[in-house]
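Written below as structure tokens is the structure these notes are about.
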Amino acid sequence: MTELEPVQADGGLASSAAPLRAEKPSLAGATREGVGAALADIGTPQREIRMRSAQLWHWIYHRGASSFDEMLNVGKGLRGALKERFSLARPEVVSEQLSRDGTRKWLIRLAPVDGRDRGAEVECVYIPEADRGTLCVSSQVGCTLTCSFCHTGTQKFVRNLTTAEIVGQLLVARERLGDFPGRAPPADGVVPGEGSRFISNVVFMGMGEPLYNLGHVADAIGAMSDGEGLSLSRRRITVSTAGVVPRLPELGERTGAMLAISLHAVRDELRDRLVPLNRKYPIADLLAACRAYPGASNARRITFEYVMLKGVNDSPAEARELVRLLKGLPAKINLIPFNPWPGSPYECSDDATIGRFSQIVFDAGYASPVRTPRGRDILAACGQLKSETEKLRARALLAAD
Ligand code: SAH
């Protein structure tokens, strides 16, 4: 497999203009309430719904079943009734790319919703490391925030993902990694060390602003962290936000997820330009909301992400100001080398500058702060998502003419 050519799966780019058929509603990605409602819908007696829901839940989320026929402890009659009305379809993987560092990026096509779009697409990235495997999921198609250094921000917002589409990214990734019990792992991948599941962590750092889709994100976290199903610990699920201040309390209360804040600047005048949402919720308000974040403690620190932009936000004085601003907050700092994209108005700070910045942060008591860019060769790194896909699509359409 080469790094730069997408590997075609399930049809590939050339067939992507084909109309999508209206399918039966899928239970893959449903909440517990959704599964119960589906059972009620097909006339399951009320007294059986709890037990049957638990069975379905186990098959869908623990075992990763892709057909009702696999559910051997569910009676044939019920399986038939389920099959008639519902499916277990997952979002479709249009292509998969494998980076030389083991990072995988999937382009995922979603079923059309309410005729408002024709199968929108999102990207989802898997990053294997020695002690963990992290899945980076998207919460929206496109984004409304227009952060000036982020490529996703230059693409137009299409819609929020549904709960099932968010959970579906984890199902698709586990399926392709062989990360359900009894399934084989891929032969061509770098996977984490013995004993851990391929996907041990989920970060909401793909496309979109999760706090502008909080209801679905919270329900998805509920399904992902359910101990009888996908079983991810809530402490291993991180939601990254540009700082939608009024929604932070609800995020903490409803999800118990770890919080990451895309800070990127220590002065409002600069942050207004980098993260325009700052004009609405300036730094002081954002940090006050972080201080009040439910569940933040030294054991559950808030991550502050800081993208390193050459000559823009990377001076020693800014490093010292960053440390001063975060004083007293249970914080971790994550320095992200800027990932360039075609036409981007910024450059990445050079290594010596990043080193100096990180030393100041380190001397103030914050450990291991620089994030290694992963999957840059397949444009899977932070802020690079989606764009390459659009270019490939345009190329495929031209070739088809
Ligand atoms: N909207 C959310 C989540 C998505 S972005 C948020 O803003 O947090 C995930 C992280 O990647 C954010 O910290 C974002 O600011 C950062 N990022 C975006 N573009 C980048 C780029 N080109 N290089 C490095 N990091 C980038």
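The figures that follow rest on heavy atoms only: side chains count, while hydrogens, waters and symmetry mates do not. Position 1 is the first residue of the sequence; numbering continues from there. Both counts, for ligands and for their atoms, begin at 1 and track the order of listing.
Those atoms of ligand 1 that come under 4.0 Å of a heavy atom in E305, given as number and element, are 10 (C), 12 (C), 13 (O). The contact set between ligand 1 and I336, taken as ligand atoms under 4.0 Å from a residue heavy atom, comprises 24 (C), 25 (N). Using a 4.0 Å cut-off to heavy atoms of H264, the atoms of ligand 1 that qualify are 13 (O), 14 (C), 15 (O). Interface of W341 with ligand 1, defined as ligand atoms under 4.0 Å from a residue heavy atom, comprises 22 (N).
Counting only N and O atoms by type, the side chains of R52 and Q55 include a donor and acceptor under 3.5 Å apart. At a cut-off of 3.5 Å, with distance as the only test, no side-chain donor of E209 or S139 sits close to an acceptor on the other residue.
Ranked by closest heavy atom to atom 13 (O) of ligand 1, the top entry among S262, C348, A260, S138 is S262. Selection from P337, A242, G208, S240 by nearest heavy atom to atom 1 (N) of ligand 1 gives G208.
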Dump the intermediate steps for side chain to side chain contact (heavy atoms under 4.5 Å, CB included) on K310 and T353, then the final yes or no. CA-CA 8 Å; K310 188 178 204 154; T353 308; over 6 Å; no
- Take F68 and L78 through the side chain to side chain contact (heavy atoms under 4.5 Å, CB included) test and state the conclusion after the steps. CA-CA 9 Å; F68 292 109; L78 180 54; over 6 Å; no
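Atom CZ of R301 is separated from atom OH of Y366 by 8.0 Å, given to the nearest 0.5 angstrom.
If you look at N339 next to ligand 1, the close heavy atoms, those under 4.0 Å, come from the backbone and the side chain alike. Only the backbone of T241 comes within 4.0 Å of ligand 1, counting heavy atoms alone; no side-chain atom from C-beta on gets that close.
For T255 (side chain) and G252 (main-chain N/O), no donor-acceptor pair under 3.5 Å exists by modelled atom type.
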